[in-house]
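Below you'll find the structure, written out as structure tokens, and then a few comments.
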Amino acid sequence: MVGIDMGGTSSDVSVVVDGRVGETSEGTIDGLPVRLPMIEIRTIGAGGGSVAHLAGQALRVGPRSAGSTPGPACYRKGGTEPAVTDANLFLGRIDPDAFLGGEMPLSTEAAQGAIGELAARLELSSDDTAQGIVDVANASMASAVRLSLFEKGADPTDFVLAPFGGAGGLHACAIARELEIDRIIFPATASTLSARGILNSDLRHDLLRSELLLAGPDAIAALQRIVDDLREDARALLDADGAGADERRIELSVDCRYRGQAYEIMTPWVSVTESGVVDAASLAALIDAFHTLHQEQYAHSAPDEAVEIVTVRAAAIGLLYRPEVRAPQSDDAEMTARTLGKRPIRLADGWHDTAICHRNSIGSQPVEGPLLIEEDYSVLLIAPGWTIRAIENGSLLATYVSNSRNGGAA
Amino acid sequence: MSTIDPVRQEVIRNALIAGAEEMNASIWRTARSTVVRETLDYSTALFDGKGRAVAQSTRIPIHLNSMSVCLEDIIAGPIPIDQWNDGDVILTNDPYSGGQHLPDFVAFKPVFADGRRVAIAAAIVHHVDVGGGAPGSYFANATEVYQEGLRLPPLKLVDGGKTNEAVIRIIRRNSREPEKIGGDVHAQLACLDVGAAAINRIVTRYGASMLEAAMDAILDQSEQTMRKVIANLPDGTYRFGDVVDDDGQNAVDLDVIASVEISGDMCRVDLSESADQAPGPVNCTLNMAKSAVYCALLSLGDGAVMANSGAYRPIEVTSRRGSITNCSAPAPVANRMATGHRIVTTVLGALAQAAPDKVPAAYYGVSYVLTLQAPDPLVADETRVYFEVEVGGWGGHPQGDGADGFSCGFHNLANSPIEMCEVLFPITFTEYGFIAGSGGDGEHRGGLGLAREWRLNADWGAVSGSFERFRHGPYGLAGGADGAPGRFVHYSEDKTVTLPSKISGVRLATGDRIRLETSGGGGWGDPAKRSDDARRRDRNAGYV
């Protein structure tokens, strides 16, 4: 799964493989290297507030952002340049009276004015300018996703897109098609998903001990000592957290590399996580796992070369209660009844009277796009060629079904 | 030329830059040697079908600017563009056929659509060793390019989809690190396919004609932006001279002199008055000189100019054949960066007369390449080669002090963490830090140079250095003082020897210490105008 958290000033791309979120110890914060384990995220300067402007003869979007103050022109807080949110409003994709659950009415005229001014300089129609702003933003987000996956040797077509943040739902279909991704998961409460995620996360302490060892029989005693120390420290921390015996997990992993390399691969040590015993067999299993990971990440491995152990890590995890996932709230029969009406929306090939419905009215039976789905703090745009249905955990699943108009972009 | 709307132009521009970045990630992911994986000494780019650089990854400016001139040379001579067929890869490392120095392999792959060549994917990679008189192919005593390693004229490494394995065997047989160079050559070839795939995606989506129109428009836009930058400078001819210490063989100053003529939105840079080419390996080919000049001029653009062949159009670079800035075969070139950096500081010095409010005083101006060969601390009877590039201080500038100990944009390489070095090599660091007082004084002082000192723990070691700025410190501007020059010192039990800046194979014994001091940057403005606050800060921090 590849997540795009699209907010006001930037979008964050993250990757989840086999249920595990990508981690790195080579991260940066504010341009400075930070060598601590953290979630691997690629941030690009494209969000709802990204400002569209003319660069030579080209239409450029971002990285400058109008932020929330002055914000996009339609906020009427002093912003005069058109932002991505202005383009979405102009194209009918955002309801000016339903923004932030109706708490912040947007000015369609202000958006029209800002886009009209840019359109005149571009010698394009306002329609094409607004669509162009969205197209450019989508293309740069798709590029960032492709690069994030490429660095892991992964193919986008094997992934499901998970858009969240306030603006993610409007752009997901177009970004997915740009990447030839066929499925999109729209999580519930997308606009606050990050906050909900941290509230539902388990407790976690990362402990590590660095010691350079050549992976071989001579290292077993030293490794057992390090593993014992780390597990003892981890248990003490979990005791202090009040995590019970069935509410905890201590996962061991080892940073390994071929001798002479300066980059390591964090290799899960499954056998020792389970048994706590370092012996010839568990060490051999670790080395095998490292060769496999190296092959996956770097497209080659060298089973005959010496392997070095640089750091042993223990993740002490205290499992927390997780609320039950919600079931779909309605069936397909109610769906049409709850349609909120229609409104003209500009899609890539022109204006269409498009059905609008509330998220709750989507059932397990697939509904065809084009369709606008409104929720309290976000809007989902389901482009032509896609269908959408609810799945067990309360998320909506969109599937690309046909090479219809515009190939499923919006 | 077909026209293109502003939206498609931008979308395709993004896709081209992303394609170059994917190539970049591909090399990083698959390369074997530390010079590629840690020092990140490689670059990637996408060209149009005519051979003009359009989009580049964010890597090493000196590489990136040089690839387009290299390609021009190849298609003007050895392999005309009409002989570039689908499935070919053209490779060279020959400085006298458009390359830089022998470790840098440049590879190009034409991409076809609708029966015509619409783009070329390109990558330059510094390979760990291509033979020659010293490990790493940095042979300080070379007097001819023949002593510097294997030289490959432009050739089709892949011909119609079929790889010429004989060439790969020759490359491996000539290297001290056959496994690593073999792996890195394959990584380089694979990244070209990644670039071709990126082009094919654009063609499938928008068509070949739209891609071509977008590339034309991107080049035109870079040209216009560069012309604006030049037009903002007052017309006139500005002369400046700087000095390369020596060529490692004779202690003779080597002048680098630039005459920069600004005329409307055109810039002509003539380097002909520079010294004659030297016996030692500090010579630059004209391509290298051009690349350095482009780098200096692009730095005036405040980041607004997208570096590509369009940006180079209003810049004309000439130099006298047989000079240190346009050397003739078979002059050796391994340490061409000594003069390359000097061309940058010389051209900037000239431009400071035209734009005194923009140009900083001189930065350290050298890639401090140090190698140590010593027994492997982990494996008996094996030796290892430690290779690092160190940096120094930046020049003070009209807006503030120069940065202390900071890599410059021209080579843009990462340093090696000392903790890692101590583990991998039989050395213990005894000092790493700023050198107090090494920045040139001025209203805005120069950045500080660095001292890096270690002790050898093994029985023996052999150290080599390719340095500069030991006799002539980086210049100050607008009344600022010069930065302090660097030093290279060998401490042994019974004596202390100050070594020259360019030397190969200094023999070390257990307990010997090696100390490298890099230059501080030049100061900017009258020192009398430096504020009391700034001076107090410097004193409190121990910077002076």
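The chains referred to below are lettered A, B, ... by the order of the sequence lines, with proteins before strands, and numbering in each begins at 1. Values reported hereafter were calculated over all heavy atoms of this structure, with side chains retained and with hydrogens, waters and symmetry mates removed.
Taking all atoms of both residues into account, the shortest heavy-atom contact from A:G56 to B:Q221 is N-NE2, 3.7 Å. Nearest approach of A:E178 to B:Y206, heavy atoms of both residues: OE2-OH, 4.4 Å. When all heavy atoms of A:D128 and B:V7 are compared, the closest pair comes out as O-CG2, 4.5 Å.
For A:E305, the part lying near chain B is the side chain, with the backbone staying farther off; criterion is any non-hydrogen pair under 4.5 Å. Only the side chain of A:A139 comes within less than 4.5 Å of a heavy atom in chain B; its backbone stays farther off. Heavy atoms closer than 4.5 Å to chain B are found nowhere in A:A144, neither backbone nor side chain. Using a 4.5 Å cut-off between heavy atoms, A:L54 makes no contact with chain B at all. Both the backbone and the side chain of B:S26 come within contact range of chain A, each with at least one heavy atom under 4.5 Å from a heavy atom of that chain.
Taking CD of B:E10 as the start and CD of A:Q57 as the end, the distance is 12.5 Å to the nearest 0.5 Å. Annotation: the span from A:L147 atom CG to B:I17 atom CD1 amounts to 12.0 Å, rounded to 0.5 Å.
The shortest distance between side-chain heavy atoms of B:R201 and A:R146 falls below 4.5 Å.
Other residues, nucleotides and ligands place more than 12 heavy atoms under 6.0 Å from the CD atom of A:E40. The neighbour count for A:R209 CZ, taken as heavy atoms of other residues, nucleotides or ligands under 6.0 Å away, is above 12.
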Step-by-step side chain to side chain contact (heavy atoms under 4.5 Å, CB included) determination, B:N14 to A:V136: CA-CA 8 Å; B:N14 275 335; A:V136 169; 4.2 Å; yes
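For the set A:S143, A:A142, A:A55, A:S140, the entry with the most heavy-atom pairs within less than 4.5 Å of chain B is A:A55.
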